[in-house]
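Protein chains get the first letters and strands the later ones, always in sequence-line order, with residue 1 at the start of each. Keep in mind that the numbers below use all heavy atoms, side chains included, and drop hydrogens, waters and symmetry copies.
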There are 2 protein chains.
Amino acid sequence: MRNKDCRGHLWWHGRFRGCGYRITLAREAILEVLSRANQHLSAEDIYIKVHPMYPNIGLTTVYRTLDVLVDLGLVFKFDFGDKRARYELAEGPKGAHHHHHLICTNCKRVIDYTDFIDEEVELLNQTEKGLSKKYNFMITNHLIQFYGLCDKCNNKK
Amino acid sequence: MRNKDCRGHLWWHGRFRGCGYRITLAREAILEVLSRANQHLSAEDIYIKVHPMYPNIGLTTVYRTLDVLVDLGLVFKFDFGDKRARYELAEGPKGAHHHHHLICTNCKRVIDYTDFIDEEVELLNQTEKGLSKKYNFMITNHLIQFYGLCDKCNNKK
DNA sequence: ATTATAATGAAAATGGTTGTCATTAACAAT
DNA sequence: ATTGTTAATGACAACCATTTTCATTATAAT
């Protein structure tokens, strides 16, 4: 049963409508999962989380929905070096949950960090402005990741 | 015929031997291609460039060699959003050719930029130090990419 | 030269992601 | 509320970069 009270109230509905996308149960469910999850989910992770409540939402739809969400800038898509792509709700660089990643190249563990974010973002803004002008490039997003060995993997070697 | 004069003279031989890797014709050829190429090659690109001279080096070997090179830190592996991975000789953050990437999310064009690198690298070094200490993480590399629309794609829309 | 074992090539397998197409659902117009 | 247009969906097949397998070959320590 659709929650009618939410119709038109959810922050992302306008964004959807404005671009000619329809608001569907699948999309609501997937966005719901993404906003509850606080960690980088793969398409399959999302599929599995959505399945118990909505068993008729297929993996294909999850992929398609994620494509749309990424396209709209509502979701970020990451590659952490294992095969599968990971998805994460975008709060925007100014958003409260904005963070960068620290990735262990050995065990693929991912640490989100928010330290130093302010300084980084300030510099990035300057850089973005400079690059935009020089290359006539409309920058919409950035990716910063540090790679290395986490404490556990470092001790093993 | 192996070039005997180079045996032991090339900068990377020691690195290889030290880790128990053998020095083979295939590896020399692939590194040669990588050091000539000044742009992000895919595994297949490399295979094709190596093939005329050494037709018996297979794509599988290219993949395996690249894995080794990435593991040794001699080569960086990138994901620009099209399906295939790209490889590039690592000169290290202090290296002369160090650059970051500006990626068009529409046409997948990649622009290397070296502007602002100095300021960025300085901040990154500080950040790395802080992160290393806080998370007891041994940082070996970083990735910075800006995403957006290049001039051509921006005008079209 | 001999030997242990790392590296290789060819072919098959893998597996995340995309394409196809008939069916269903959203929603604007009535 | 009903209808008509068209976007969205699900099931399944196809795709294709990358890995695995395994028998063979080449490297380099002895």
Run the side-chain hydrogen bond (donor to acceptor under 3.5 Å, both in side chains) test against [X] and tell me which residues pass, sequence neighbours left out.
| X | result |
| --- | --- |
| A/Asp45 | A/Ser42 |
| B/Glu119 | none |
| B/Asp115 | A/Lys134, A/Tyr135 |
| B/Tyr147 | B/Gln145 |

Self-check item: Bend angle of the helix from C/dA1-D/dT30 to C/dT30-D/dA1, end axes from five pairs each (to 10°)
Solution: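 What I find for the helix from C/dA1-D/dT30 to C/dT30-D/dA1 is an axis angle of 50°.
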Got a sec, which residues hit salt bridge (Lys or Arg N to Asp or Glu O under 4.0 Å) with [X], two or more places apart in sequence or on another chain?
| X | result |
| --- | --- |
| B/Glu122 | none |
| A/Asp82 | A/Arg86 |
| B/Arg15 | none |

Rounded to the nearest angstrom, tell me the gap between atom [atom1] in [X] and atom [atom2] in [N].
| X | N | atom1 | atom2 | result |
| --- | --- | --- | --- | --- |
| B/Tyr21 | D/dA29 | OH | P | 17 Å |
| B/Asp79 | D/dT18 | CG | C1' | 14 Å |
| B/Leu25 | C/dT8 | CG | P | 9 Å |
| A/Phe80 | C/dG16 | CZ | P | 17 Å |
| B/Ile23 | C/dT8 | CD1 | P | 12 Å |
| A/Arg27 | C/dC27 | CZ | C1' | 13 Å |
| B/Glu28 | C/dT8 | CD | P | 11 Å |
| B/Asp82 | D/dC16 | CG | P | 14 Å |

Quiz item: Does a side-chain N-to-carboxylate-O contact under 4.0 Å join A/Arg109 and A/Asp151?
Solution: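 Yes, A/Arg109 and A/Asp151 are salt-bridged.
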Exercise. Check the angle between the aromatic planes of A/Phe146 and A/Tyr113 and answer parallel, tilted or perpendicular using the 30° and 60° thresholds.
Key: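 Rings of A/Phe146 and A/Tyr113: tilted, 30 to 60°.
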What side-chain donor-acceptor pairs closer than 3.5 Å can you find for residues 58-67 of chain A, not counting sequence neighbours?
residue : atom : partner : partner atom : Å
A/Thr65 : OG1  : A/Thr61 : O            : 2.8

Quiz item: Quick one: is A/Lys83 getting a side-chain N or O under 4.0 Å of the C/dT14 phosphate, OP1 or OP2?
Solution: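 Negative; the distance criterion is not met.
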Quiz item: Within the structure, does a side-chain N or O atom of B/Arg22 lie under 4.0 Å from either OP1 or OP2 of D/dA26?
Solution: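 So the side-chain polar atoms of B/Arg22 never come under 4.0 Å of the phosphate oxygens OP1 or OP2 of D/dA26.
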Quiz prompt | Sugar-phosphate, base or nothing in reach of A/Arg84, heavy atoms under 4.0 Å | solution =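 A/Arg84: backbone/sugar contact only, no base atoms under 4.0 Å.
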Quiz item: Which pairs count as ring-ring contact (aromatic ring centres under 6.0 Å, His included) when at least one residue sits in residues 27-47 of chain A, sequence neighbours excluded?
Solution: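 Every pair satisfying ring-ring contact (aromatic ring centres under 6.0 Å, His included) with a residue in residues 27-47 of chain A: A/His40-A/Phe80, A/His40-A/His101, A/Tyr47-A/His51.
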Exercise. Check DNA chain C against residues 39-50 of chain B and give the residues with a non-hydrogen atom under 4.0 Å, in numerical order.
Key: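 Those residues: none at all.
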Quiz prompt | Contact residues, residues 56-73 of chain A to DNA chain D [heavy atom, < 4.0 Å] | solution =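 DNA chain D contact set from residues 56-73 of chain A: A/Asn56, A/Ile57, A/Gly58, A/Thr60, A/Thr61, A/Arg64.
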